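What follows is one structure encoded as structure tokens, with my remarks underneath.
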Amino acid sequence: VLAEEPTFQAALSDPTLAQELPAELRYDPQLPLKPQKEALNTALEKAYIEALLELTHGNMAAAARQSRIARVHLYSLLEKYAIAPRARLS
């Protein structure tokens, strides 16, 4: 029987499980919360934008509508994370 991967929720109640989480979800309760939370948010935001652009085939207007954020803000996130806008696929 294969052991299930630890969930973030389970790791919150058992800090020893935190080391078994994927790298972008690991935390250390002996360190301050704020920088860890900022790192997690950054990883989530970047991954979300990349997946969103994949989903919309690089169509920025569709990506903005799907995510419900302004297109101007979407472009600022691309710049922030050095993500190149993808060419639209026909």
Side-chain angles (χ1 to χ4, degrees):
V1 175
L2 295 176
E4 290 185 32
E5 289 188 27
T7 64
F8 188 71
Q9 194 66 29
L12 287 175
S13 60
D14 184 355
T16 60
L17 290 177
Q19 298 310 313
E20 297 178 29
L21 290 169
E24 62 274 6
L25 293 179
R26 288 188 195 141
Y27 65 90
D28 184 345
Q30 295 179 354
L31 297 175
L33 172 64
K34 188 173 181 178
Q36 294 182 84
K37 189 166 73 169
E38 288 170 354
L40 179 59
N41 188 54
T42 296
L44 169 68
E45 199 169 54
K46 183 177 181 190
Y48 178 84
I49 297 303
E50 290 172 336
L52 180 65
L53 291 175
E54 185 73 30
L55 175 70
T56 61
H57 304 288
N59 183 322
M60 297 298 285
R65 279 192 305 274
Q66 176 73 27
S67 63
R68 297 187 178 140
I69 61 175
R71 200 177 334 178
V72 171
H73 183 60
L74 185 55
Y75 277 106
S76 72
L77 291 173
L78 292 178
E79 187 175 322
K80 177 180 179 179
Y81 297 115
I83 301 170
R86 292 166 172 76
R88 287 178 61 176
L89 302 174
S90 300

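On a predicted model such as this, the values are computed, not experimentally measured, just so you know. For the single chain, residues carry numbers from 1 onward in sequence order.
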Within residues 47-60 or reaching into it, pairs that qualify as salt bridge (charged side-chain N to carboxylate O under 4.0 Å, His left out) - sequence neighbours excluded: Glu54-Arg86

Checking Gln66 side chain against Thr56 main chain: does a donor-acceptor pair fall under 3.5 Å? no

Over all atoms of both residues, closest heavy-atom pair of Ala64 and Ala70: CB-C, 4.4 Å

Any chain of hydrophobic side-chain contacts (each under 4.5 Å) joining Ile83 to Leu77? yes

Would a hydrophobic clustering, with Ile, Leu, Val, Met, Phe, Trp and Tyr connected at side-chain separations under 4.5 Å, put Tyr81 with Met60? yes

Looking at every non-hydrogen atom in both residues, tell me the closest pair between Ala63 and Leu52 and how far apart they are. O-CD2, 3.5 Å

Same cluster or not: Leu44 versus Leu40, using hydrophobic residues (I, L, V, M, F, W, Y) connected whenever any side-chain heavy atoms lie under 4.5 Å apart? no

dist Lys46:NZ -> Leu78:CG (nearest 0.5 Å) comes out at 11.0 Å

Shortest non-hydrogen contact between Ile69 and Ser67, atoms and distance: CG1-OG, 3.0 Å

Between Glu79 and Tyr75, is there a donor-acceptor pair closer than 3.5 Å when you use the side chain of the first and the backbone of the second? no

Who are the salt bridge (Lys or Arg N to Asp or Glu O under 4.0 Å) partners of Glu45, not counting sequence neighbours? Lys80

